[in-house]
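Report on the following structure.
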Amino acid sequence: MTAQLIDGLALAQQTRAQVAQRAAAFEQKSGRKAGLTVVLVGENPASQVYVRNKVKACEAAGMKSELIMLPADTSQAALLTKIDQLNADTSVDGILVQLPLPSQIDSHRVIEAIAADKDVDGFHVANAGALMTGAPQFTPCTPYGVMKMLESIGTPIRGAHAVIVGASNIVGKPMAMLLLAAGATVTICNSKTRDLPAMTRQADILVAAVGRPKLIDASMVKPGAVVIDVGINRLDDGKLAGDVDFESVKPVAGAITPVPGGVGPMTIAMLLVNTMESAERRLV
Ligand code: NAD
C-alpha cells in the first residue's frame, strides 16, 4: 500500500481562487479592497519569508496588504501604539503580528491588544475561548487548513481517534478543539508524554506539530492512518523537512501530507479566508 498524497498546494490554489472571487465582489460593493496588515518585528529570516508569502498571497487574490517592518529593538509600548492605530483604521480588516517577537516584548500582551474582530490569526483570548465553546469568530489558520485537507479527501472524523503530537496555542490546542467539535476522540501529546509511539499507533488521524525533524517514523503509525505533518524544520543541508519521516511512513499510512507543499500553503490560504470573512462582516 502507498499512501494517498494530500496536495496542499493544489487545495490552497483552489481556496485562493475562491477568495479572489469574493475579494472582487467585496471591492465592487464597498468601493475598497479587503485589507490585511502584517507586522514584523526584527529580522528573523524564517519570519521574513513567511510574512512576504502572506503579503504576496493577499495581493494575488486582489486584496490590499501592508507589511510593517519594525526594528528588532522596538519597545513593547511602540508596538502597542502601532496596533492601536491599526485597530482604529477602517481600511484594515485583519491584523497579524508575526511570532516569535523579540524578548523585550510580551507576545500575550500584544495579541490581546489586537482588536478581536481583526485578529485573523485567531490567537486572541476571546477568539480562543470562542473556538473552545464552539462558536469561533476566527479559526487559527493552520488547524483550519488541516480540517480543509481532511475534508478534501473525505476523511471520516466522527468517532475516529485523532492523536495530536504538540500542544501549542497556535497549532496543537486549536487543532484538538476542531477535531473534537467534528466528533473525533482526541488525544493530545506533548514533550512529557511517556510512551509516544503507544499513543500515535492508536491514531486514525495523526497530526504532528512539534518542530522535530522525522520524529514520527513508520513504526509509530497505524496502517491506513491519515497523517498530517505540520512541522517545518530547516535541516543542516538547507532543505525543509517535516516532523514525519515521509519516505518511511508513506507505505504505511492511508494518506499523508508532504513538506513542503502540504499544510504550509493551506495556512496562508486560510489566512486569506479569515481576512475576507472579516472584511465581509464589516460590510453588513
Ligand atoms: P511549539 O514549539 O510552540 O510547540 C511544540 C509542541 O510540541 C509543545 O507542545 C511540546 O510539548 C511538544 N513536543 C516537543 N517535543 C516533543 C516530543 N518529543 N514528543 C511529543 N511532543 C513534543 O511549536 P508550534 O508553534 O506548535 O510549531 C510546531 C511545528 O509546526 C514547528 O515545526 C513549526 O515550524 C510548525 N508550524 C508550521 C505551520 C505551517 O503552516 N505548516 C504553522 C505553524 C507552525
Side-chain angles (χ1 to χ4, degrees), residues 6-28 30 32-70 86 89 91-100 111 114 117-123 127 136-149 151-152 170-171 174 209 228-232 234 240 242 257-283:
I6 310 176
D7 186 345
L9 266 180
L11 190 58
Q13 265 163 14
Q14 270 176 32
T15 310
R16 286 167 60 166
Q18 288 158 4
V19 171
Q21 285 180 355
R22 284 166 70 179
F26 174 85
E27 191 174 350
Q28 214 173 25
S30 67
R32 68 171 182 91
K33 285 183 191 291
L36 172 73
T37 298
V38 179
V39 182
L40 174 66
V41 185
E43 276 139 33
N44 179 319
S47 293
Q48 285 180 337
V49 174
Y50 295 148
V51 295
R52 291 223 163 85
N53 287 342
K54 289 168 184 174
V55 167
K56 267 198 241 155
C58 265
E59 284 165 358
M63 297 156 85
K64 181 181 147 208
S65 187
E66 189 193 3
L67 173 57
I68 299 176
M69 294 177 93
L70 301 173
L86 297 173
D89 183 338
S91 73
V92 174
D93 301 294
I95 302 169
L96 182 154
V97 177
Q98 185 66 38
L99 302 177
I111 290 167
I114 298 172
D117 65 354
K118 293 190 177 185
D119 166 42
V120 285
D121 254 339
F123 297 162
N127 287 322
Q137 174 174 230
F138 292 113
T139 301
C141 304
T142 301
Y144 196 4
V146 171
M147 293 306 284
K148 294 288 174 197
M149 295 174 97
E151 208 178 276
S152 76
I170 66 172
V171 190
I228 305 286
D229 191 353
V230 178
I232 302 178
R234 180 75 61 186
L240 286 184
T257 64
V259 176
V263 176
M266 278 307 286
T267 296
I268 294 184
M270 299 325 288
L271 172 66
L272 302 192
V273 169
N274 279 350
T275 304
M276 205 55 246
E277 274 168 17
S278 177
E280 287 165 353
R281 271 182 218 142
R282 232 159 273 276
L283 253 188

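Hydrogens, waters and symmetry mates are skipped; everything else that's a heavy atom, side chains included, is used.
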Check your understanding: Mind checking whether P136 and N127 have side chains closer than 4.5 Å, heavy atoms only?
Key ->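 With C-beta onward as the side chain, the pair stays apart.
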
Review point. Going by heavy atoms in the side chains, are I111 and L99 under 4.5 Å from each other?
Key: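 SC-SC contact between I111 and L99 confirmed.
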
Considering residues at least two apart in sequence or located in another chain, which fulfil the side chain to side chain donor-acceptor pair (under 3.5 Å) criterion with [X]?
X	result
D89	S91
R16	none
K54	Q98

Just distance, no hydrogens or angles: give the donor-acceptor pairs under 3.5 Å from side chains in residues 259-279, sequence neighbours left out.
unit_1: T267; atom_1: OG1; unit_2: T142; atom_2: OG1; d: 3.0
unit_1: T267; atom_1: OG1; unit_2: V263; atom_2: O; d: 3.2
unit_1: N274; atom_1: ND2; unit_2: V120; atom_2: O; d: 2.9
unit_1: N274; atom_1: ND2; unit_2: T139; atom_2: O; d: 3.0
unit_1: T275; atom_1: OG1; unit_2: L271; atom_2: O; d: 2.8
unit_1: S278; atom_1: OG; unit_2: D93; atom_2: O; d: 2.6
unit_1: S278; atom_1: OG; unit_2: D117; atom_2: O; d: 3.3
unit_1: S278; atom_1: OG; unit_2: R282; atom_2: NH2; d: 3.1

If you round to the nearest 0.5 Å, how far is [atom2] of [Y] from [atom1] of [X]?
X	Y	atom1	atom2	value
I228	T257	CD1	OG1	5.0 Å
L11	K148	CG	NZ	9.0 Å
L86	L96	CG	CG	11.5 Å

Point to revise | Residue pair A23 / A61: nearest heavy atoms and the distance that separates them | key: CB-O, 3.3 Å

Check your understanding: How far apart are the closest heavy atoms of F138 and R281, and which atoms are they?
Key ->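 Closest pair (atom of F138, atom of R281, distance): CZ-NH1, 3.3 Å.
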
Anything under 3.5 Å between a donor and an acceptor, one on a side chain of residues 33-52, the other on a protein residue two or more places apart or in another chain? List them.
unit_1: K33; atom_1: NZ; unit_2: E27; atom_2: OE1; d: 3.4
unit_1: N44; atom_1: OD1; unit_2: A46; atom_2: N; d: 3.0
unit_1: N44; atom_1: OD1; unit_2: S47; atom_2: N; d: 3.2

